Structure formats: structure tokens, C-alpha cells
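Written below as C-alpha cells is the structure these notes are about.
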Amino acid sequence: MADVFSAQEIRYLKLLRKQYRTIQEASAEVAHLRAVLRLPKGTEHFLSDLHGEHAAFLHILHNASGVIKRKINDLYDDLLSLHERDMLSTLIYYPDEKLALLKKQGVVTKEWYRLTIYRLLEVCRMCSVKYTRKRVQEAMPRSMGALMEEMLLADSTPDKEGYYREVMQSILETGQSDAMIIALSHVIQALAIDRLHIIGDIFDRGPRADLIMDALENYHQVDVQWGNHDITWMGAAALSEACIAQVIVTSLKYGNLDTLEVGYGISLRPLTTLASACYADDPCEAFLPRDNGEELHEDERELARMHKAAAILQFKLEGQLLSRHPEYGMEDRRLLHRIDYEKKTVEVDGVTYLMRSCHFPTIDPADPYALTPLEREVMDKLTLEFAHSEKLQRHTQFLYSAGGMYLCCNGNLLYHGCIPMEKDGTFAVIPVAPESRLRGREAIDAADLLARRGYFATLNSEERINGQDFLWYLGCGPKSPLFGKDKMATFERYFIKNDKAHQENKNAYYNMLNDEKAALRILHEFGLSETGFIINGHVPVKLGQGESPIKAGGRLLVIDGGLSRAYQPVTGIAGYTLIFTSHELNLVAHQPFESTASAISCEQDIHSVQSLVKKMPRRLLIEDTDEGDALRDRINDLMRLMAAYRSGVIKEARS
């Protein structure tokens, strides 16, 4: 019986014919893809909660969470001294800087070049063995790809020994040694990690989130599961005024303006004007910046006045937003109209508290959420600053294209915060629309769509405004999958001394982290099997207090190990990397990173301890992965194309 092709399939196959013009070309590709399916699965690295710690993150990226050092030790443990191995490792991590330093120290000679290039080639071969030639070629720079490929494929047969010796001599004599070392180092870095997963919270706290974004934007294969801090920056880039105010407040709170001002070129001068005009005589003691391990602004008082001015803007704008969205269930967060200005008290959750300060020169008690003319002018100028930051807009577009609320990948479920739950363990309703009763995966898919509309829908359209407002909700809403608490008690921490008012209660999800049945229910909700893992960030693991990152009977892994310095006293370490190879799943705990300068000059690496989470029953191949599913679909399409050629439904294309 002859094959039957629908009109739609024929249209698709004709498009495919542009790539595979003949039966021979299609069959060759089928043979290639079937061979690829039998290669080992690529190595995946998972990190979360980077929080602007660009130097530590980039070092972990350069050293592949310690994988490159282990490969060097495997190759050269008996051949090179510890110092020589450390120097080679550092050269791979920071080739430009280390080369310059070694030249100054007089270490670099022609023989040093020869030995170093040979050693880098050996490390590169070790990293490339499980990849196709095409994948290795893609990692090579165009300018040196052909030459590098020749060197990598060098064999030890006598017939070619002279040829390869001459290639090396030419590299040395034509001044290409530095370029070859730098290129090989970057190729090794690229091959050591096949795919990078970032489980949220790139922004806030640390000094330069924008530099992390630069690295991710140029990484060969990466995805990002949005965190609550990321989504607020995305909302600010989408021109949500409430998100803009919140981003500025958080930056001022941690005394970190470099990401805003240096990284994204956003001037806070309009806010300085507002602060000087309205809070010149206010000590603003509750608004002094936190010690973030970095040097604070010269004038801490000026920074505190700016902080208070931005916070009042935030509370007003959030109050306006919440009046538009009663479905958010956050009327209790509108606190400005609950202040008794004479008694200097405020009512929160039915309890009246004495306030630290009641100096609010820009608040009209009769209309507390209205912006003054000066505040309106300042907000308009700040919005233009965010709109015109080309780098921020580019980074935000990357987060949308490479990211989402969650990801199902190779049988595992990745998300930053939580799957909102009620106390009885059922999935909670997420307010994605006024009358919506969506929960679980369906609700989170709807939230993802609404977040995209907040950035991409037509400016000033109802769709865009609702999406912008929901971006803010995702950052701090009580049923937000990214936030996971009943409130963000920012106002209370500023203005109420009583600690009871500061309490933020976690979603019921966090009471079930060790409930294996709950974890399995989540995996099934997202169409995954019981063999998969949930990989979660957001909440630092208190390792120093005996808490384990492995929860729910081994089904759930919380990988926020405290890369952010602010969390390291709590976690007792300085970050986790989860590594999923073809053989096993390992959790790598990192110790604090001193500095890039000491890493280069003193060859100080991050000390990392690896622990086994799961040994695979057999080595995983590409055919066992999502990539394998896609390749099988491609093979089926090519088989149909060949059938169409053979049946005469489609003619082969001859050049």
C-alpha cells in the first residue's frame, strides 16, 4: 500500500527539501542522527540565587564548578607538580590575564609555549570525547578553528609526526601562541559544561548582576527559570512604575547602585532632587543602607534620604496598583490610609502599632496614595531612564527568550520558588485573572503568558497594563510561585519597631518539602515520572544548622547554597552547583571566593566538595534525553521525506 501524504505534510516536506535535496542527502543525515543518539548525554550544571555576585559566579563558570581541575588532576597527577597543575588550571580560567602576568614574571619561553599548548590540547581532547565533531567545531573560534581542529585530531602515527611538529613550529614562529592558548582555554570552558541552568534570582544584593547577564547572554546553551528578584527587574524594564520603585528601593537598601548606574546607565539624579527637597532635615535612620560587604556611598545620609523618597513612592504606587486588582487579595498591604498621623500609629492586620517615625511630607492624609507634582515628575523621568537603557532592555529580552516560570528538562522539573499550595496539600489558586480559579501547572502556564504580555503587548494597552501589574504581583504576591510568602513586610520593617509586625509566613509548600507524596504529586502535575527530580532555589539551605539540601525522600533538591555573601553566615557555605552527567547526579558545595585578582595572581581556586546524589543504573545516552526525542522526530521527518521522494509525491532537488 502506497504512503498517503496530507497537503499540510507535503507543504512541510517541501520546506525540508531545501535542506535535504535528495534521498542520498536525507539518508546520510538519518545515519548521522542515529549515531548521535548513541553518544553520552551532555553534562548539565544547575545554579541558583546568584544575586549579583558576578566574580564568584564567573569563576564557577570558568572552572566548571571544579570539573576542569579534576580533569587536569586525572591527566597530570603523576606528571606535574601541584603548582604546575594550579597554574595550568588558572590559565584555562583566565587566559588573557594569566598570560600577561606570567610574561611579567619571565615564565614564558618558547619551550613553555610548546609544553603549555600540548597540555591544553590534551585537556581539550579529554573534554571533547563525548561530543560530535560539529559540536566541537562550534566551540572553536572561526579565526583559528581549522588549525585548532588539525591539532586536536593529531595522531601519533610516524607518517604524520613531522606534519604536526611543523604545525606547532609555525604557531610559535608566526606569533600565534597567545591566540592559540586563549582559544583553547575558551573551548575547554565551553566543552566542560554542555548546558547551564540558572534557577532564578540573578539580580539584587550583590554588586554587578549586569555582568552576570552579559556572560549568560553569550553562553553557548543556557536557560533561566525566573526568580522573584528577576521578575521585578523585568517588570521595571516593562515600565511598571511599581516595579521601578521596588528595584530602586532594593538597590538602595543594600547600598548597591552599581548595577543601576554603572551597568545600566540609569541616573538617579531625579530621585536625589526629590530627596533633597522633601527629606533634607529627616535623619531617615531606618533607611540607612545595609552593610553588603562593599564600600558604601560617601554620603550615607543622602543615600538614606533617597531610600526613603523611593520607598514612599513604592508604597503609593503599590497602593494604586492594588486598588485596580482586588482579585490579588492584598488590600491588607495598602497601609498608608491606616496611619493615624496624630497618634503616630498604624493598623496592620487589625493590630495597632506605634510607629518609629511619622514624618511624611509628601503624603496627603486625605488622599495618601496620590503622587505630588514633584513625585510625578520624578517618576516620569525615572521611567524614561529605564525605557532608554539599551542594555537593560536587551538583557530583559534575553530573560524572556531563554527563560520562563519553570522548565521540564530531561525528566526533571526546574523552578525557583514554589508550587503554591493550601494547608491541606492541594494546589492553590493563582489570581491570573479576576474570575480565574486556575491552579497547578495550568495556572503557572497562564502566569507565564501574562508575564510576557506585560513586556510585549502594545504600550498603554489594557493587556500591557494588566501584564505589568502581574509582573509586580509575581515579585511579592501571596500566591506567587516565585515569592512563596503571605506578604513582604517592607513598610513594617521601616516604620514599626515591634518584631511581631515583621513576620512573613511561608506558603504551605515549604511545610511539605520533606513530604515525598507532595513531591510526587508535583512531578505528576507536570507530566513527569517518579524517577525525576524537582530542582528548586529561592530559600537558602541552612547547612551550618544541619539542614540537608536533599528533601522529600530524595525527590526534591534545594540548591540555594548562599552564593550571595548576605546568606553565607546562614548557609555555612558559598553556593551549590548540581551536576548531572551521563553517569550520576552530584551536588557540589563551594567555599567562599576571595577575589578574581587572588585567583589569577595566587592561583587560588574555589574549594569545592562533591557528594553523590544518585548513581544512574546505566550510562545515559542522548537517546534518553529531550534532545533524543527531538532527534527521533527529525529522523521520522526525514524518513517521510525519503518516502515522498520514492513515491514521486515530491521531486528531488537537483543543483
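Computed from a predicted structure; not experimentally measured. We're numbering straight along the sequence, starting at 1.
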Separation of [Y] [atom2] from [X] [atom1] (nearest 0.5 Å):
X: L374; Y: L274; atom1: CG; atom2: CG; value: 5.0 Å
X: E385; Y: E261; atom1: CD; atom2: CD; value: 10.0 Å
X: Q246; Y: T250; atom1: CD; atom2: OG1; value: 5.5 Å
X: I363; Y: C278; atom1: CD1; atom2: SG; value: 11.0 Å
X: L322; Y: R334; atom1: CG; atom2: CZ; value: 7.0 Å
X: S389; Y: L384; atom1: OG; atom2: CG; value: 12.5 Å

Under-4.0 Å salt bridge between [X] and [Y]:
X: E377; Y: K381; answer: yes
X: K487; Y: D349; answer: yes
X: E241; Y: R376; answer: yes
X: E302; Y: R305; answer: no
X: R394; Y: D214; answer: yes
X: E492; Y: R333; answer: yes
X: E327; Y: K479; answer: no

For a side chain to side chain contact (heavy atoms under 4.5 Å, CB included) with M405, tell me which candidate from D448, L449, D445 qualifies.
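Checked D448, L449, D445 against M405; only one passes side chain to side chain contact (heavy atoms under 4.5 Å, CB included): D448.
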Shortest non-hydrogen contact between [X] and [Y], atoms and distance:
X: G537; Y: V558; result: O-CG1, 4.2 Å
X: A311; Y: F287; result: CB-CE2, 3.7 Å
X: V224; Y: L399; result: CG1-CD2, 4.0 Å
X: A446; Y: L438; result: CB-CD1, 3.9 Å
X: I496; Y: R356; result: O-NH2, 3.5 Å

Just do the side-chain contact (heavy atoms from CB on, under 4.5 Å) check on I198 and S48 with the steps written out, would you?
CA-CA 5 Å; I198 304 297; S48 81; over 6 Å; no
Mind running side-chain contact (heavy atoms from CB on, under 4.5 Å) on N511 and M421 for me, showing each step along the way?
CA-CA 10 Å; N511 296 327; M421 289 182 169; over 6 Å; no
Do the ring planes of [X] and [Y] sit parallel (below 30°), tilted (30 to 60°) or perpendicular (above 60°)?
X: H51; Y: H229; value: perpendicular
X: Y264; Y: W233; value: tilted
X: Y473; Y: F470; value: parallel

Hydrogens and angles aside, do H395 and D210 bring a side-chain donor and acceptor to less than 3.5 Å of each other?
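Side chains of H395 and D210: no pair found under 3.5 Å.
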Is a side-chain donor-acceptor pair under 3.5 Å present for Q393 with Q397?
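Looking only at side-chain atoms, Q393 and Q397 do not form any donor-acceptor pair under 3.5 Å.
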Apply the ring-ring contact (aromatic ring centres under 6.0 Å, His included) test between H62 and each candidate in F593, Y94, Y93; give the one that qualifies.
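Among the candidates, only Y94 passes.
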Is the centre of the Y369 ring less than 6.0 Å from the centre of the H337 ring?
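Close enough - the centres of the two rings lie under 6.0 Å apart.
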Is the gap between the ring centers of H307 and Y494 under 6.0 Å?
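So the answer is yes for these two rings.
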Start with the C-alpha gap between T596 and H59, add the side-chain angles, then the distance that decides, and say whether side chain to side chain donor-acceptor pair (under 3.5 Å) holds.
CA-CA 8 Å; T596 303; H59 188 85; over 6 Å; no
Counting N and O atoms only, with roles assigned by atom type, does the side chain of [X] sit under 3.5 Å from a partner on the main chain of [Y], one being a donor and the other an acceptor?
X: S276; Y: T273; answer: no
X: R464; Y: A457; answer: yes
X: E504; Y: A489; answer: yes
X: H416; Y: I199; answer: yes

Compute both the distance and the angle, then confirm whether K308 meets the cation-pi test with F360: under 6.0 Å from the six-membered ring centre, within 45 degrees of the axis.
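Verdict for F360: a cation-pi partner in K308.
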Tell me whether D281 at atom CG has more than 12 heavy atoms from other residues, nucleotides or ligands lying less than 6.0 Å away.
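Incorrect, the count does not exceed 12.
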R338 atom CZ: more than 12 heavy-atom contacts under 6.0 Å
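Counting neighbours around CZ of R338, more than 12 heavy atoms of other residues, nucleotides or ligands fall under 6.0 Å, so yes.
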Determine whether L196 and L47 satisfy the following criterion, side-chain contact (heavy atoms from CB on, under 4.5 Å), listing intermediate values before the conclusion.
CA-CA 8 Å; L196 180 65; L47 291 102; 3.6 Å; yes
Check the pair W226, F203 against ring pair (Phe, Tyr, Trp, His ring centres under 6.0 Å), reporting the backbone distance first and the verdict last.
CA-CA 10 Å; W226 304 327; F203 287 88; over 10 Å; no
Could you check R195 against D223 for salt bridge (Lys or Arg N to Asp or Glu O under 4.0 Å), going step by step and ending with a plain yes or no?
CA-CA 8 Å; R195 183 169 181 175; D223 52 75; 2.9 Å; yes
Run Y510 and L513 through side-chain contact (heavy atoms from CB on, under 4.5 Å) and show every step you take.
CA-CA 5 Å; Y510 294 100; L513 284 180; 3.9 Å; yes
For H197 and E44, run side chain to side chain donor-acceptor pair (under 3.5 Å): C-alpha distance rounded to whole Å, both residues' side-chain angles, the deciding distance at 0.1 Å, then the answer.
CA-CA 7 Å; H197 305 282; E44 301 170 75; 2.7 Å; yes
